[in-house]
Protein chains: 2
Amino acid sequence: MQMEQIKEAITCFPCLADITEEDWKENGISVVTLPANHIIHEGEFLESAALIMHGTVRMYKLGENGREVTLYRIHDGGCCPLMASSILGETAYEANVWIEKPTTVLFIPARIFQRWMGTYMSFRQFIFKSFAERLIIMSNLIDNMVFKSIRIRICEYLLDRTTEGQHSLTTTHDQLAIELGTAREVISRTLKAMEKEGLIHLSRGQITNIQREQLLELVE
Amino acid sequence: MQMEQIKEAITCFPCLADITEEDWKENGISVVTLPANHIIHEGEFLESAALIMHGTVRMYKLGENGREVTLYRIHDGGCCPLMASSILGETAYEANVWIEKPTTVLFIPARIFQRWMGTYMSFRQFIFKSFAERLIIMSNLIDNMVFKSIRIRICEYLLDRTTEGQHSLTTTHDQLAIELGTAREVISRTLKAMEKEGLIHLSRGQITNIQREQLLELVE
DNA sequence: TCCTGCTATGTGATCAAGTTACAGAACAGC
DNA sequence: GCTGTTCTGTAACTTGATCACATAGCAGGA
């Protein structure tokens with residue numbers, strides 16, 4: 001690892017600030033940039049923990065029929081607990097990874113990762129917090145899937161991805177279905193119904209004219 | 001903490017074997033037995049981590065309509081990551097807890113828990129492994145809910161709870177529904193259909209004559 | 001420009017699962 | 001036995017998933 005890279009890593013992960021220069025010099029620590037649209041399949045083993053410096057990766061589950069559910073995403077400055085658990089718990093991580101944007105990753109070999117976890121409190125707390133966050137995200141996902149209608153879930157998604165000033169969204173029905181873990185046809189039908197009610201306007205690859213206020217009412 | 005209790009705690013959690021006597025003497029560490037059928041509601045804050053020495057607790061989500069999903073259970077020698085995350089990540093844990101059997105819990109105040117995590121490697125690894133396990137359990141739960149039919153999920157549940165020699169199960173349709181995160185009526189209908197096909201026999205509070213071999217075939 | 005192929009969307013028919021609304025059976029305690 | 005409670009069964013209906021296409025929009029080459 002070069003001084004440059006170390007500095008950048010610390011910028012992305014303030015919790016690494018305490019790491020000594022010797023520790024950074026350990027063999028096997030590296031910064032790698034992965035191209036977009038790369039996939040890592042379920043069940044592969046990792047010998048390194050991966051901290052995401054820049055970019056976006058999506059963790060998802062794949063059904064036999066080809067349908068998908070997105071479990072969660074990891075963005076700049078995040079780490080993927082499922083991957084980390086694969087190196088800690090000696091189990092292969094049980095999900096697929098989809099690199100959505102070109103992504104720069106800091107790889108830390110399992111044995112060094114383990115040692116740093118013992119030595120550096122801020123690093124340890126950061127990793128723990130990542131675990132805790134994902135657990136909560138996943139339990140809330142279960143909650144949503146079990147108790148909410150897709151219509152409401154679509155509304156929440158649209159509200160999430162837009163702002164007061166930004167009333168349109170570039171996405172396909174297919175992508176939406178993958179996000180929410182349902183079928184494309186279900187999304188198409190529901191969106192069409194919403195369009196008829198004047199809540200949105202549809203065109204190829206785009207949802208425009210999103211009536212945020214009315215959606216907010218529906219969601220409560 | 002008395003010597004007796006410390007010994008028992010170590011029996012339940014071998015990872016605590018290294019803890020020094022001084023550390024055990026810290027204020028606030030305690031062993032408490034909670035009665036069955038006690039509930040801890042979503043959103044409450046905890047100031048202690050809870051390690052389950054004996055007993056069973058169930059973590060679950062509750063919908064507005066009263067329906068439930070069981071996220072997972074913790075048994076003897078386990079610890080609850082969602083609870084631990086509430087003391088680590090400063091977020092209230094977002095699930096309900098149902099004490100199913102009288103349960104003996106080792107409580108460790110947050111501040112001591114944090115310190116032990118730094119000092120004791122075996123303790124740290126144990127806690128991490130607990131997190132990793134639950135993440136995997138939850139992601140598999142999502143996988144099951146999204147991609148498998150309830151019929152298959154019921155079969156898997158029945159196979160899980162029985163053995164080669166044990167072809168019956170004491171449970172109500174209501175309990176099954178809660179386990180699988182669906183409605184009681186759906187379970188009743190599906191079980192009835194399975195009974196007609198000769199896969200099981202139903203009586204009040206019991207499922208008997210479970211044809212494990214045939215169920216195994218269905219599940220593949 | 002038209003043709004071709006690919007991706008995205010729309011829609012009907014059908015099936016599976018969740019909801020509503022009961023009725024009746026089995027059991028527990030008196 | 002009677003009574004209240006818990007558990008189970010079922011019909012009718014809504015929502016969501018699957019299957020099977022039809023059509024529309026767009027891109028690139030002939």
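Here is how names work: the chains are called A, B, and so on, in the same order as the sequence lines, proteins then strands, and each is numbered from 1. We use all heavy atoms of the structure for the numbers below, so side chains are in, but hydrogens, waters and symmetry mates are not.
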key: Electrostatic pair A:R153:A:E156 at N-O distance under 4.0 angstrom   =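 Looking at A:R153 and A:E156, the cut-off is not met.
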
B:E68 and B:K61 ion-paired at < 4.0 Å =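 Salt bridge: no.
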
Whole-Å distance between [N] [atom2] and [X] [atom1]?
X	N	atom1	atom2	answer
A:E68	D:dT18	CD	P	14 Å
A:I187	C:dT11	CD1	C1'	16 Å
B:Q175	D:dT6	CD	P	13 Å
A:R189	D:dC21	CZ	C1'	13 Å
B:E185	C:dT20	CD	C1'	8 Å
A:L180	D:dA17	CG	C1'	14 Å
A:Q206	C:dT9	CD	P	10 Å
B:M194	D:dG9	CE	C1'	17 Å

Let's test your reading of the model: under 3.5 Å, does the base of [N] pair with the side chain of [X] as donor and acceptor?
X	N	result
A:R204	C:dT7	yes
A:R184	C:dG10	yes
A:R151	D:dT15	no

Position toward the 5' end of DNA chain C (nearest nucleotide), B:A183 or A:H173 =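 Result: A:H173.
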
inquiry  = For the backbone of B:V97 and the side chain of B:R58, can you confirm whether one donor and one acceptor N or O come within less than 3.5 Å of each other?
reply    =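 No.
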
task = Using modelled atom types only, decide if a donor and an acceptor are shared between the side chain of A:R124 and the backbone of A:M117 within a distance under 3.5 Å.
result =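 Indeed, once roles are kept as given, a pair shorter than 3.5 Å links the two residues.
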
request  = Check the side chains of B:H75 and B:E100 for a donor-acceptor pair under 3.5 angstrom, ignoring hydrogens and angles.
outcome  =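 Short answer, no.
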
request  = Side chain of A:V186 only, please: which of D:dT10, C:dG18, D:dA17 is the nearest?
outcome  = D:dA17

request  = Looking at every strand, decide which applies to B:T182 at a 4.0 Å heavy-atom threshold: base, sugar-phosphate, or nothing.
outcome  =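 B:T182: backbone/sugar contact only, no base atoms under 4.0 Å.
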
